[in-house]
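Below: one structure, written as structure tokens.
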Amino acid sequence: MVKILCVAEKNSIAKNVAQILSGGRSSMRPSTSPYIKNYDFQYDFQWLNMGRCNVTMTAVAGHLMNLAFSQNEYGWGKCDPNLLFDAPTIDEMDDKIVKNLQNEGRHATHLMIWTDCDREGECIGWEIVQAVNRSNSSLVSSDSVYRAVFSHLEPSHIIASANRPRKLDQRQVDAVRARQEIDLRAGLAFTRLLTGNYRSVLQSDLEYKQLAKKDDKPVISYGTCQFPTLGFVVDRYERVINFIPEQFWHILLSVKDLDGSESKVKFQWERGHLFDRLAVLSIYEHCIGTCEDRAKVIHVSSKDTKKFRPLPLTTVELQKNCSRFFKLSAKKTLDAAEKLYQQGYISYPRTETDKFPAKTDLKSLLNKHQGHSEWGPYVTNLMNENSTSTNKYQWPRSGNHDDQAHPPIHPILCVDIAKTDNRMTSDEKTVYNYVVKHFLACCSTDARGRSTTLKLDWGGETFYANGIQVLERNFLDIYQWADWKSNDTLPAYQMSDDVVVSKTEMKSGQTSPPKHMTESELIMLMDANGIGTDATIADHIEKIKSRNYIKVQTGSGSGAKKTASVFLPTSLGRSLVHGFEKIGLEESFSKPFLRRDLEKDLQLICGGTKDKKDVVSLIIGMYRNYYQITTSQMRNLIKVYNDIKAESQGQVTQRNRVN
DNA sequence: GCAAGGTC
């Protein structure tokens with residue numbers, strides 16, 4: 001009897017795929033794990049050519065295995081951390097889920113992997129094979145393991161995937177196993193080394209004690225993602241603190257309109273500003289001397305312009321925007337999105353994809369919202385092809401990212417918070433409303449406007465002014481966070497007209513320092529530098545907060561005018577970055593380069609031009625070297641900490657003295 | 001008490 005066991009990365013995918021392949025006629029059984037169900041049905045896999053077969057579709061919950069060291073031999077305090085670069089690793093398995101796979105796989109003739117089609121998913125597929133192999137070794141030996149290739153849950157796509165499987169890609173598995181091994185060895189070795197050496201000096205650190213939870217033993221952790229993240233915050237902080245303002249000068253013109261009235265528009269100097277006061281003064285005096293109160297129009301242009309609707313929503317964009325618009329932390333945002341997903345309100349919240357698969361039925365997703373008390377009228381108007389409004393339904397713009405596993409985040413159900421009695425928390429409501437409005441904006445028409453530029457010649461110098469007239473707001477009517485306003489109308493002069501200059505000013509100003517790091521900027525930097533993934537970026541930020549490497553300075557003001565909260569490094573955070581800088585390891589520890597190089601090597605493993613063994617031994621070799629340097633320079637590392645501590649306390653006492 | 005990556 002032929003029996004096919006299908007295994008997905010998470011229960012929600014197993015449920016959906018079973019629903020599609022069975023045509024809604026699958027039966028559900030519980031499993032040995034509370035998060036996972038087994039779905040039985042029959043299906044005719046064309047590649048198998050065996051007619052209708054019995055199928056069980058089940059799932060895991062992410063990785064089944066955790067790479068680790070034996071606690072007995074290599075636990076904390078039981079060995080020199082240096083040994084962790086060579087110590088044997090073990091694979092810890094999730095017992096409950098493995099048990100279910102063993103039960104369900106015991107009598108299977110074929111195993112079909114339905115994990116997400118990304119690198120981690122390929123590795124999870126390999127882990128599933130190891131688990132099933134425990135109860136049914138003939139599956140592997142008879143080469144009966146297949147892997148479905150799918151990128152979303154559109155039924156015809158899933159059916160096509162069921163019929164065109166490939167084999168597992170061992171190279172991708174190797175790449176993930178390499179990353180795991182490097183992160184584990186380097187992370188644990190350096191965490192133990194740093195904790196052992198910083199603990200005693202931290203006992204007299206008042207800032208640390210204030211931030212730390214009572215009874216918490218300090219842990220000074222190192223991680224390949226934690227340190228570059230900290231590096232971004234410290235780097236910004238230093239640039240703000242060390243900023244030296246420079247004075248500059250520029251010239252502004254005010255003019256009279258055609259009818260002789262005073263125009264509100266000020267004309268800017270095309271040279272921008274100069275840092276040399278005398279130079280600006282002599283140009284200014286020359287202009288006054290030559291032309292006094294007359295200028296000539298030397299350029300008039302006017303062109304249509306657009307403000308683009310947002311791209312389909314990715315996890316990183318959701319987190320950035322909820323942080324900017326609602327002051328909701330990345331962690332809280334992702335937690336709320338996860339809950340909304342589990343309740344079936346929104347699609348899977350961890351995705352890098354910013355284009356919708358061509359066959360997605362967006363119109364029916366939109367139509368569900370027609371009766372919504374807040375945005376129902378907007379949707380009704382959008383979907384009405386006969387309306388006179390310029391805002392018509394449009395297929396969303398497409399970005400360049402595709403994780404090959406999940407579509408952009410979008411609403412699945414319409415939840416009317418004003419009408420229904422539901423148990424959404426306030427964070428969930430905020431995130432749900434944002435996801436819906438973002439989706440509506442994606443499917444709307446770009447805003448249209450007209451941009452006008454006028455340039456004047458005054459005494460041989462050029463001055464310009466720009467004007468924007470917003471003609472059609474379109475998506476802006478629902479996406480209130482991207483406002484676009486018309487500014488003052490430019491005077492309606494024509495080319496070569498003479499213009500009366502009503503006022504000339506030579507002004508001075510100062511360059512201003514950069515702002516401290518906001519969470520949304522940090523997310524953007526991490527994303528751009530490949531530090532963490534959509535699912536882990538928020539965790540890394542929380543981690544360096546909980547380690548007291550950075551602290552949050554909450555914004556001031558209230559409501560819409562409230563300024564963003566910013567991240568500041570603690571003395572400890574700054575000492576770690578500057579300590580490694582001092583001993584010559586800056587590039588490797590507090591900059592994103594090492595992690596980026598690792599990512600490149602992983603890609604090469606996937607492409608078959610590098611070997612897992614070579615990559616691991618090369619990078620572990622580098623870390624072993626860094627470890628030697630760090631141990632031999634530990635005094636210097638601690639000295640940097642003490643210097644920074646003394647310096648910050650010095651600042652405090654100085655300030656006290658002034659007061 | 002330690003990493004980063006999946007997922008609940």
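Chain naming here is simple, since letters A, B, ... match the order of the sequence lines and numbering starts at 1 in each.
Atom-to-atom, CD1 of A:Ile97 to P of B:dT7 comes out at 12 Å; the value is rounded to the nearest Å. Put simply, CG on A:Asn66 is 9 Å from C1' on B:dA4, counting in whole angstrom units. When rounded to the nearest whole Å, the span between CG of A:Leu84 and P of B:dC2 equals 15 Å. Taking atom CE of A:Met93 as the reference point, atom C1' of B:dG5 lies 17 Å away to the nearest angstrom. Residue A:Leu594 contributes atom CG, which lies 13 Å from atom P of B:dA4 at whole-angstrom precision. Here the C1' atom of nucleotide B:dG6 and the CD1 atom of A:Ile124 are 5 Å apart, to the nearest Å. A:Gln226 has its CD atom 10 Å from the P atom of B:dC2, to the nearest Å. Whole-Å rounding puts the A:Leu64 CG to B:dG6 C1' distance at 10 Å.
When heavy atoms are screened at a 4.0 angstrom cut-off, A:Phe227 is found touching no nucleic acid atom at all. At the heavy-atom level, A:Gly121 lies nowhere under 4.0 Å from the strands shown. Contacts of A:Thr195 with the nucleic acid, taken as non-hydrogen atoms under 4.0 Å apart, include base atoms. Counting non-hydrogen atoms under 4.0 angstrom, A:Glu127 reaches nothing in the nucleic acid.
One finds a salt bridge joining A:Glu542 and A:Lys545 here, because a Lys/Arg side-chain nitrogen approaches an Asp/Glu carboxylate oxygen to under 4.0 Å.
Phosphate contact (OP1/OP2 of B:dC8, side-chain N/O of A:Gln342, threshold under 4.0 Å): absent. Residue A:Arg350 has a polar side-chain atom (N or O) positioned under 4.0 Å from OP1 or OP2 of B:dT7. For B:dA3, the OP1/OP2 oxygens have no side-chain nitrogen or oxygen of A:Thr224 closer than 4.0 Å. Between A:Tyr341 and B:dT7 there is no side-chain N or O to OP1 or OP2 distance below 4.0 Å. For A:His63 and B:dA4, the shortest distance from a side-chain N or O to OP1 or OP2 is not below 4.0 Å. A sub-4.0 Å separation between OP1 or OP2 of B:dG6 and a side-chain N or O of A:Thr533 is present. The side chain of A:Arg595 places an N or O atom within less than 4.0 Å of a non-bridging phosphate oxygen (OP1 or OP2) of B:dG5.
Taking the side chain of A:His540 as heavy atoms from C-beta on, and the options B:dC8, B:dA4, B:dC2, the nearest nucleotide is B:dA4. Comparing B:dT7, B:dC2, B:dC8 by their nearest atom to the side chain of A:Arg547 picks out B:dC2. Distances were taken from every side-chain heavy atom of A:Ser221 (C-beta onward) to each of B:dC2, B:dG5, B:dG6; the shortest belongs to B:dC2. Distances from the side chain of A:Glu9 to the nucleotides B:dC2, B:dT7, B:dC8 place B:dT7 closest.
A residue-by-residue look at A:Ala535 and A:Gln180 shows that A:Gln180 has its nearest nucleotide of DNA chain B further toward the 5' end. With DNA chain B read from its 5' end, the first of the two nearest nucleotides for A:Pro218 and A:Cys225 is the one closest to A:Pro218.
For A:Asp539 against B:dA3, a side-chain-to-base donor-acceptor contact under 3.5 Å is absent.
In this structure, the side chain of A:Asn529 does not engage the main chain of A:Ile531 through any donor-acceptor pair within 3.5 Å.
The closest side-chain donor-acceptor pair between A:Thr89 and A:Glu181, if any, does not fall under 3.5 angstrom.
We find the CZ-CG distance between A:Arg179 and A:Leu184 to be 10.5 Å, quoted to the nearest 0.5 Å.
Each of A:Gln172, A:Met65, A:Gln170 was checked for a side-chain contact (heavy atoms from CB on, under 4.5 Å) with A:Arg177, and the lone residue meeting it is A:Met65.
The aromatic rings of A:Phe589 and A:Tyr222 lie tilted to each other, with the angle between the two planes from 30° to 60°.
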